[in-house]
Amino acid sequence: MMELQFKRHRRLRQSANMRALVRETVLHKEDFIYPLFIVEGDNIKNEVSSMPGVFQLSMDRLKEEMDEIVKLGLKSVILFGVPVEKDAEGTGAYHNHGIVQQATRFIKGQYPDIVVVADTCLCEYTDHGHCGVIEGNKVLNDPSLDLLAKTAVSQAEAGADIIAPSNMMDGFVAAIRRGLDEAGFIDVPIMSYAVKYSSSFYGPFRDAADSTPQFGDRKTYQMDPANRLEALREAQSDMEEGADFLIVKPALSYLDIIRDVRNEFNAPVVAYNVSGEYSMVKAAALNGWIDEKAVVMEKLTSMKRAGADLIITYFAKDAARWLSE
Ligand code: PBG
């Protein structure tokens, strides 16, 4: 009888320690950036109904949250502001005492080592809910750039360590880089939402941030989920304009894009594991349909394996806890 020729891959899977020796992708607490939603008002800690375990917090409740974050060993947060007052130009976004600016000052004052990432967008601050200024039903590109640059500078003045523009206007990295440099913030990096799809997975976030567009959708500025080459064009112009990090968003349905961006560009790649991706897992876990810990760790590992260096995720606290067990 002819000898069967084949490879014995199972040799390297025989025991937990053998598997650990050959493991290619390992998660660390340092990989995670935890999103926080800061609201105006006193003594508010509202659970977002579509995001169990995620809260809107007022400034006076931020300390307890930050203490927990630090205790868990997380190193970085990304801040979203939910103001009471909104207007057509989103002026609350670049107000010196705006909600993100205040939260940034507080965190940098009390927890100087925590890396504060400021999300730079207008949609939480505009009464129409779009990410730029509008004329009729059109979202205008160039007039939005000045407002974004102003927002970024006010966030840097408040002490933000990283500026993360998410509004997908063309030229936003160039405009923000110039604004920061002119204001003296040459050392503040830009983490660009370079590749941001017009995704249905943002629904729960819009509940949390109260940023649902009041008319139309974001398809003239966010990308078509069907496109892959366009992602490389977006990332390339952001690199040319001076981005220091590249975000791909969402993460789970876009692992191929994370890999493309990782292969093509030499900058840290950040996967944004978005709200809808969180809510689906939470809902299934609350129903007892899946093993939450195992599923979350598998998901986060897959993002890193795809090429992400960092992950913005609502699971950061859970994952940090599980990594310590
Ligand atoms: C703001 C912004 C959005 C998210 C992050 N920044 C929403 C949107 O573009 O509508 C979504 C994050 C998430 O779903 O977790 N432009």
Side-chain angles (χ1 to χ4, degrees), residues 32-38 48-56 77-83 86 90 92-93 99-100 117-126 128-134 139 141 144-145 147-148 151-152 155 162-169 172-173 176 190-225 234 245-254 270-283 296 299-300 303 308 310-317:
F32 306 132
I33 302 173
Y34 186 60
L36 291 173
F37 297 99
I38 319 295
V48 180
S49 57
S50 51
M51 301 179 74
V54 172
F55 296 85
Q56 295 180 324
V77 294
I78 181 166
L79 303 183
F80 297 96
V82 192
K86 300 176 186 244
I99 187 86
V100 166
V117 184
D119 182 86
T120 306
C121 197
L122 301 178
C123 61
E124 295 110 18
Y125 304 91
T126 51
H128 44 76
H130 276 289
C131 301
V133 289
I134 58 170
V139 179
N141 196 86
S144 303
L145 296 179
L147 303 184
L148 280 177
T151 303
Q155 292 169 334
I162 298 177
I163 298 300
S166 65
N167 87 331
M168 288 294 279
M169 294 301 119
F172 70 177
V173 174
I176 288 173
I190 296 176
M191 179 183 282
S192 174
Y193 287 73
V195 181
K196 180 173 179 182
Y197 286 91
S198 175
S199 169
S200 303
F201 288 100
Y202 305 153
F205 173 95
R206 293 177 189 173
D207 298 338
D210 185 26
S211 63
T212 307
Q214 297 304 301
F215 64 88
D217 52 42
R218 302 206 201 289
K219 290 186 179 151
T220 67
Y221 43 107
Q222 299 181 351
M223 287 176 46
D224 183 341
E234 279 282 359
F245 301 80
L246 297 171
I247 300 178
V248 175
K249 174 181 175 191
L252 210 53
S253 293
Y254 298 86
V270 186
Y272 197 140
N273 177 208
V274 301
S275 57
E277 299 175 325
Y278 174 86
S279 303
M280 291 192 302
V281 172
K282 279 288 170 189
V296 169
K299 262 165 52 108
L300 295 173
M303 292 167 203
L310 298 168
I311 306 171
I312 302 173
T313 179
Y314 306 96
F315 286 115
K317 289 199 296 182

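Predicted, not measured: the structure shown is a model, and the values here were computed from it. Just follow the structure's listing: the first ligand is 1, and inside any ligand the first atom is 1. These values consider heavy atoms only, across backbone and side chains, with no hydrogens, waters or symmetry-generated copies.
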Does at least one non-hydrogen atom of [X] fall below 4.0 angstrom from an atom of ligand 1?
X: Ser211; result: no
X: Tyr278; result: no
X: Met168; result: no
X: Lys249; result: yes

Can you check whether [X] reaches [Y] side chain to side chain, under 4.5 Å on heavy atoms?
X: Asn167; Y: Cys123; value: no
X: Pro165; Y: Leu148; value: no
X: Phe201; Y: Ser253; value: yes

- Can you list the ligand 1 atoms lying under 4.0 Å from a non-hydrogen atom of Asp119?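 That gives atoms 6 (N) of ligand 1.
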- Enumerated ligand 1 atoms positioned under 4.0 Å from heavy atoms of Gln222: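 Every atom of ligand 1 under 4.0 Å from some heavy atom of Gln222: 8 (C), 9 (O).
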Could you tell me whether the side chain of [X] and the main chain of [Y] form a donor-acceptor pair under 3.5 Å?
X: Glu277; Y: Ala251; result: yes
X: Lys196; Y: Ser166; result: yes
X: Tyr254; Y: Pro225; result: no
X: Tyr221; Y: Ser198; result: no
X: Gln214; Y: Thr212; result: yes

Residue-level breakdown please: for [X] versus ligand 1, do any non-hydrogen atoms fall below 4.0 Å on the side chain, on the backbone, on both, or on neither?
X: Ser275; answer: both
X: Ser166; answer: both
X: Asn167; answer: neither

- Item | For atom 16 (N) of ligand 1, closest protein heavy-atom neighbour |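 Ranked first by proximity to atom 16 (N) of ligand 1 is Lys196 NZ, 2.9 Å.
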- Query: Among all protein non-hydrogen atoms, which one is nearest to atom 1 (C) of ligand 1, and what is the separation to 0.1 Å?
  - Reply: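 For atom 1 (C) of ligand 1, the nearest protein heavy atom is Cys123 SG, 3.4 Å.
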- Check each of Tyr314, Tyr202, Phe80, Phe205 against atom 15 (O) of ligand 1 and report the one with the nearest heavy atom.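 Considering heavy atoms of Tyr314, Tyr202, Phe80, Phe205, the nearest to atom 15 (O) of ligand 1 sits in Tyr314.
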